[in-house]
Amino acid sequence: VTYEVVGTGLTLTADQVSASEPARAAVIGRLDGSSLESDTMWVSVVPVATIAARRGTNLVTAGLDGTRLMELPHDLEAGDYGPEWHPDGQSLLAVLGTFVGPSSLYRVELDGATEHVIGPYASGDDYLSVPGKIMGFSYSPDGQWVYLSGGNCNFNAILYRLPVGNPQALERLSPTGMDECFELVNHWPSLSPDGARLAFENQTGNKHGYSVRVMTIATREVTEVIAGGQRPRWSPAGDLIAYWADDQIWVVRPDGAGA
């Protein structure tokens, strides 16, 4: 039997299919010296990788196959929203705190060492604070910026960004001029690979009306891409945005086509 991989991104070696990045291709099998027609199957491959997650109040990492489970030995308690990998894969962003105090955003090394990035309220440590609870965050693809969401009035959530090298240069991204306590609810920012656009989850009407929207960073212009979507995330190639809706994962092009 001989096999042929038709597509890009996959390698066939000794009847084993492998990939250096997520890929999908057709594998055609033929029985040598036979008049039987060839047979085709589609193969999707995800390379060996490590995921990070919150397990109770602890941060853990594990292989995609569930092996190599490791608990990071940090002292503070991990909260909601995160963790998120740094693009170099050597550290995490996570919200950490205590049961009785506010939680802040930290950079967490894989050995458990932590570095404060920014807090949710003013502190005595000369840190500039996000106005309100931190609710969703991510790195830019180059690791130079942190994009996050914070809210300080009822249900609201406002988008901000800060340069990693100077967290005090916090910059607001969400528009002004509306009822910010109930109508400005922007969660889960995800920057495009070229750094020009920001996808995020929008809610209006006090927890009703989810949608995925895209902001052009230079102009702050916002466009709705898909109604009903949540938790958007840009693809590494920048040609698609993944999102969650109706208990499934979907993809859509940045212009709203192909949903």
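The shown structure was predicted, so the numbers you read here are calculated from the model rather than taken from an experiment.
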Please report the shortest heavy-atom distance between L96 and A78, naming the atom on each side.
CD2-CA, 3.6 Å
Reported OG-to-CD distance for the pair S91 and E84, which is rounded to 0.5 angstrom:
12.0 Å
Exercise: identify the closest heavy-atom pair between V212 and P232:
CG1-CB, 3.8 Å
Should we count CD of Q248 as having more than 12 external heavy atoms under 6.0 Å?
yes
Minimal heavy-atom distance between P167 and G165, with the atoms involved, is CD-C, 3.8 Å
Of all heavy-atom pairs between P163 and A169, which one has the smallest distance, and what is that distance?
CD-O, 3.5 Å
Under the 6.0 Å and 45° cation-pi test, does R231 pair with W188?
yes
Report yes or no: do W85 and F137 belong to one cluster of Ile/Leu/Val/Met/Phe/Trp/Tyr joined by side chain heavy-atom distances under 4.5 Å?
no
Taking a hydrophobic cluster as the set of Ile, Leu, Val, Met, Phe, Trp and Tyr residues connected by side-chain heavy atoms closer than 4.5 Å, whether directly or through intermediates, do W244 and V252 fall within one such cluster?
no
Identified side-chain contact (heavy atoms from CB on, under 4.5 Å) partner of V95 from the options S104, S103, P83:
S103
Starting at CD of E77, measure out to CZ of R54 and round the result to the nearest 0.5 Å.
10.5 Å
Charged N to carboxylate O under 4.0 angstrom, E171 versus R220?
yes
Would you say L148 and L162 make side-chain contact, with heavy atoms under 4.5 Å?
yes
Does any donor atom in the side chain of Y147 or R161 lie under 3.5 Å from an acceptor atom in the other side chain?
yes
Nearest 0.5 angstrom please: L110 CG to T50 OG1, how far?
8.5 Å
For residues Y210 and V222: do they belong to one hydrophobic cluster (side chain heavy atoms under 4.5 Å, members Ile, Leu, Val, Met, Phe, Trp, Tyr)?
no
When you compare the side chain of V214 with that of I241, does any pair of heavy atoms fall below 4.5 Å?
yes
Look at the rings of Y243 and W250 and say which category their plane angle falls in: under 30° parallel, 30 to 60° tilted, over 60° perpendicular.
parallel
Can you find a pair of side-chain heavy atoms, one from L105 and one from V146, that are under 4.5 Å apart?
yes
Taking the side chain as every heavy atom from C-beta outward, state whether H116 and T114 have any pair of such atoms under 4.5 Å apart.
no
Pair L31, D39 - check side chain to side chain contact (heavy atoms under 4.5 Å, CB included), show working.
CA-CA 9 Å; L31 184 60; D39 194 12; over 6 Å; no
T57 backbone acceptor or donor facing R55 side chain under 3.5 Å
no
Quick one, I51 and T61 - any side-chain contact, counting heavy atoms below 4.5 Å?
no
Quick one: pull up CZ in R107 and CD1 in I118 and give me the separation to the nearest 0.5 Å.
15.5 Å
Going by atom types alone, do S174 and N186 pair a side-chain donor with an acceptor below 3.5 Å?
yes
Side chain to side chain contact (heavy atoms under 4.5 Å, CB included) filter on P87, not counting sequence neighbours, yields Y139
Nearest-0.5 Å distance, CG of residue L93 to NE2 of residue H86
8.0 Å
Cluster check I158, M135: I/L/V/M/F/W/Y, side chain < 4.5 angstrom:
yes
Say you draw a straight line from CD of Q203 to CD of Q230; how long is it, rounded to the nearest 0.5 Å?
6.5 Å
Min side-chain heavy-atom separation L76-T98 under 4.5 Å
yes
Result block: side-chain N/O donor-acceptor pairs under 3.5 angstrom for residues 189-199, not counting sequence neighbours:
from : atom 1 : to   : atom 2 : distance (Å)
S190 : OG     : W234 : N      : 3.1
S192 : OG     : D194 : OD1    : 2.6
S192 : OG     : A196 : N      : 3.3
S192 : OG     : R197 : N      : 3.1
S192 : OG     : R197 : O      : 3.2
D194 : OD1    : A196 : N      : 3.0

Between R233 and E201, does the salt bridge (charged side-chain N to carboxylate O under 4.0 Å, His left out) criterion hold? Intermediate values first, please.
CA-CA 10 Å; R233 183 65 64 95; E201 172 192 305; over 6 Å; no
Below 4.5 Å, heavy atoms only, C-beta onward: do V60 and M70 meet side chain to side chain?
no
Are the side chain of T216 and the backbone N or O of T219 linked by a donor-acceptor pair below 3.5 Å?
no
Scanning both residues in full, the closest heavy-atom pair of V164 with G143 reads CG2-O, 3.4 Å
Under 3.5 Å, is there a donor-acceptor pair between the side chain of H74 and the main chain of L59?
yes
Is there a side-chain contact between L173 and Y160, using heavy atoms and a 4.5 Å cut-off?
no
Taking S211 for its side chain and A227 for its backbone only, find out whether a donor-acceptor pair lies under 3.5 Å.
no
